[in-house]
Engineer: 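This is the structure I have questions about; it appears just below.
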Amino acid sequence: MTLSAAWPVRRALTAELGMALPAFVDHHVHLHLIDAADLPSRGIAAVVDLGGDPMTLARRGSGLPRVSFAGAFLTAPGGYPSGRSWAPAAVVRTITDACRHPGVQGGARTAVDEQADAGASVIKIALHADAGPVVSDEELAAIVASARERGLPTVAHAQGRGQVDRAIAAGVDALAHTPFDEPVTRRQISRAVAGGQAWISTLDIHKGADRTRAISNLRAFAARGGRVLYGTDLGNGSLPVGLNRRELLALHEAEVRGDALIDALTDPWPAVRSDDAVSTFIAGPAPTDPTDPDDVATWLSRGTVVPTEELTRVD
């Protein structure tokens with residue numbers, strides 16, 4: 001296992017020697033449920049909010065962590081996450097019409113336009129059939145098409161019988177969670193990989209059989225060349241604010257290791273290019289045994305976000 005993206009550096013501010021890596025991204029958080037102020041000191045330079053009030057998110061400042069967001073969940077009337085204590089009305093938009101014309105009340109295009117106009121970088125669709133009604137195939141297709149017309153990818157919470165298949169068939173660009181409620185088939189994985197779909201890991205939120213299935217599914221997806229994104233669903237339960245060591249260990253168990261692990265941590269999705277203005281700095285040498293998952297996870301967890309201009313490469 002290698003970590004070829006790491007390079008030895010000296011930090012100008014402290015003269016510390018250490019290693020630098022591209023900036024880490026948590027691709028699934030909910031900022032209204034956490035205090036994000038400590039994320040940069042704990043290794044996370046950027047986050048993707050996958051369900052929040054678009055107006056509040058639009059008013060956030062431009063400091064660290066860098067924030068990309070989906071805005072509100074697009075869902076069916078009464079569908080997930082409507083009525084949850086953690087999901088006030090501002091974070092939910094109900095779709096009642098597959099219309100792709102702007103301004104139609106309850107229309108797919110209207111909901112997409114609202115999020116896009118607020119500055120969303122991705123559109124979030126709730127396909128959680130175990131928790132209530134979900135949008136129809138026609139409405140799902142209209143959301144995906146409307147997002148593409150606005151130049152935005154889509155991401156779906158796909159849970160319940162047939163929902164992963166629906167997301168793949170509709171051309172949804174990413175899954176907000178690695179499928180965990182049932183095993184995925186080789187056919188599903190082949191179609192997902194061929195379509196360029198990404199899966200956000202969120203392995204540490206699960207226990208028992210769900211965790212075992214999620215790790216097995218992600219292992220199979222990664223083995224076929226699937227695009228894996230590090231994400232934690234931060235705000236969902238008791239998760240550490242910052243780089244999640246347990247998530248790293250679960251990714252290692254799914255055989256997302258070495259450079260593949262760094263790729264999952266540093267992928268700029270939903271952006272196309274990485275933000276090179278900041279880097280991850282880890283004081284001291286790289287782990288002595290880069291094949292040891294515990295050593296690697298512990299080492300990565302010591303990272304902090306610093307301006308790239310503070311770092312000078314050393315031999």
Side-chain angles (χ1 to χ4, degrees), residues 27-36 47-60 67 69-99 104-118 120 122-144 146-147 154-167 170 172 174-182 200 202 204-208 210 214 231-239:
H27 297 89
H28 189 155
V29 307
H30 297 282
L31 290 171
H32 70 289
L33 298 174
I34 64 170
D35 181 354
V47 297
V48 186
D49 187 291
L50 290 186
D53 176 2
M55 295 301 103
T56 299
L57 289 163
R59 291 193 293 268
R60 284 188 61 89
V67 176
F69 64 87
F73 291 80
L74 307 192
T75 193
Y80 179 85
S82 303
R84 270 52 177 190
S85 60
W86 58 266
V91 311
V92 178
R93 297 293 183 276
T94 55
I95 306 299
T96 57
D97 194 319
C99 183
V104 174
Q105 186 172 1
R109 177 60 187 263
T110 302
V112 169
D113 282 345
E114 181 194 359
Q115 314 318 307
D117 291 346
V122 59
I123 299 298
K124 174 76 174 282
I125 310 162
L127 297 177
H128 188 350
D130 288 343
V134 294
V135 295
S136 68
D137 287 347
E138 186 181 13
E139 290 163 344
L140 176 57
I143 293 168
V144 172
S146 297
T154 49
V155 59
H157 177 137
Q159 183 177 350
R161 186 174 297 277
Q163 299 308 308
V164 169
D165 260 344
R166 293 186 70 213
V172 171
L175 297 185
H177 302 278
T178 298
F180 59 90
D181 55 336
E182 55 187 6
I200 303 173
T202 69
D204 187 43
I205 61 172
H206 303 301
K207 307 299 178 189
D210 284 351
T232 63
D233 200 5
L234 187 57
N236 177 0
S238 179
L239 296 173

Engineer: Report the distance from atom CG of Asp130 to atom CZ of Arg161, rounding to the nearest 0.5 Å.
Structural biologist: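 That separation rounds to 9.5 Å.
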
Engineer: Considering all heavy atoms of both residues, which atom of Ala98 and which atom of Ala142 are nearest to each other, and what is their separation?
Structural biologist: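 That would be O-CB, 3.1 Å.
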
Engineer: Could you report the tightest heavy-atom contact between Val134 and Ala76, atom names first, then the distance?
Structural biologist: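 Minimum heavy-atom contact is C-CB, 3.5 Å.
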
Engineer: Is there a side-chain contact between Phe180 and Gln159 in this structure, where contact means two heavy atoms from C-beta onward sitting under 4.5 Å apart?
Structural biologist: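 Side chain of Phe180 against side chain of Gln159, heavy atoms only: contact under 4.5 Å found.
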
Engineer: So, taking the atom named CG in Leu74 and the one named CD1 in Ile125, what distance separates them when rounded to the nearest 0.5 Å?
Structural biologist: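 Between atom CG of Leu74 and atom CD1 of Ile125 there are 6.5 Å.
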
Engineer: Would you please test Thr56 and Arg59 for side chain to side chain contact (heavy atoms under 4.5 Å, CB included) and show each step?
Structural biologist: CA-CA 5 Å; Thr56 299; Arg59 291 193 293 268; 3.7 Å; yes

Engineer: Tell me, do Thr232 and Ile205 make a side-chain contact under 4.5 Å, heavy atoms counted?
Structural biologist: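 Of all side-chain heavy-atom pairs linking Ile205 with Thr232, none is under 4.5 Å.
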
Engineer: Restricting to non-hydrogen atoms, name the atom on Gly160 and the atom on Asp181 that form the minimum distance, rounded to 0.1 Å.
Structural biologist: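 Here Gly160 and Asp181 meet closest at N-OD2, 2.7 Å.
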
Engineer: Quick one: are Asp53 and Pro88 in side-chain contact, heavy atoms under 4.5 Å?
Structural biologist: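 Result no, sub-4.5 Å side-chain heavy-atom pair not found.
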
Engineer: Is there side-chain contact between Arg60 and Leu31, with heavy atoms separated by less than 4.5 Å?
Structural biologist: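 Heavy-atom side-chain distance check passes, below 4.5 Å.
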
Engineer: With distance as the sole test, does Asp97 use its side chain to make a donor-acceptor pair with the main-chain N or O of Gly106 at under 3.5 Å?
Structural biologist: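 Checked: no pair found.
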
Engineer: What heavy-atom pair brings Phe73 and Gly51 nearest, and what distance separates the two atoms?
Structural biologist: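 Smallest interatomic distance, heavy atoms only, reads CE1-CA, 3.4 Å.
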
Engineer: Are Ile143 and Val112 close enough that some pair of their side-chain heavy atoms sits under 4.5 Å apart?
Structural biologist: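 Yes. Closest side-chain heavy atoms under 4.5 Å.
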
Engineer: Look up atom OG in Ser136 and atom CD1 in Ile95, then write down how far apart they are to the nearest 0.5 Å.
Structural biologist: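 Reported value, rounded in 0.5 Å steps: 10.0 Å.
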
Engineer: Check for a donor-acceptor pair, side chain of Thr110 on one end and backbone N or O of Gln105 on the other, with a separation under 3.5 Å.
Structural biologist: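 No; judged by distance alone, with no hydrogens or angles, the pair does not exist.
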
Engineer: Evaluate the side-chain proximity of Asp233 to His30: yes if any heavy-atom separation is below 4.5 Å, no if none is.
Structural biologist: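 Yes, their side chains come closer than 4.5 Å.
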
Engineer: Describe, in one word, how the ring planes of His157 and His177 are oriented to each other, choosing from parallel (under 30°), tilted (30 to 60°) and perpendicular (over 60°).
Structural biologist: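 Rings of His157 and His177: perpendicular, as their planes differ by over 60°.
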
Engineer: Nearest 0.5 Å please: distance from the CG atom of Leu234 over to the OG1 atom of Thr202.
Structural biologist: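 Leu234 CG to Thr202 OG1: 12.0 Å, rounded to 0.5 Å.
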
Engineer: Are the side chains of Leu50 and Ile200 in contact, using a 4.5 Å heavy-atom criterion?
Structural biologist: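 A side-chain contact exists here, since the closest heavy-atom pair is under 4.5 Å.
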
Engineer: Work out which heavy atom in Pro133 is nearest to a heavy atom in Gly78; give both atom names and the distance.
Structural biologist: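 Where Pro133 meets Gly78 most closely, the heavy atoms are CD-O, 3.6 Å.
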
Engineer: Give, for atom CG of Asp204 and atom CG of Leu239, the distance between the pair rounded to the nearest 0.5 Å.
Structural biologist: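 Answer for the CG-CG pair, Asp204 versus Leu239, is 6.0 Å.
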
Engineer: Report the residues that fulfil salt bridge (Lys or Arg N to Asp or Glu O under 4.0 Å) with Asp137, sequence neighbours left out, ordered by chain and then residue number.
Structural biologist: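 Here the qualifying residues are Arg166.
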
Engineer: Which heavy-atom pair separates Ala72 from Gln115 by the least distance, and what is that distance?
Structural biologist: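 Taking Ala72 first and Gln115 second, the nearest heavy atoms are N-OE1, 2.9 Å.
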
Engineer: Does the His32 side chain pair with the main chain of Gly52, one donor and one acceptor, at a distance under 3.5 Å?
Structural biologist: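 No, because the side chain of His32 does not come within donor-acceptor range (under 3.5 Å) of the backbone of Gly52.
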
Engineer: Is there side-chain contact between Val92 and Thr75, with heavy atoms separated by less than 4.5 Å?
Structural biologist: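 When only atoms from C-beta onward are counted, Thr75 and Val92 do touch, with a gap below 4.5 Å.
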
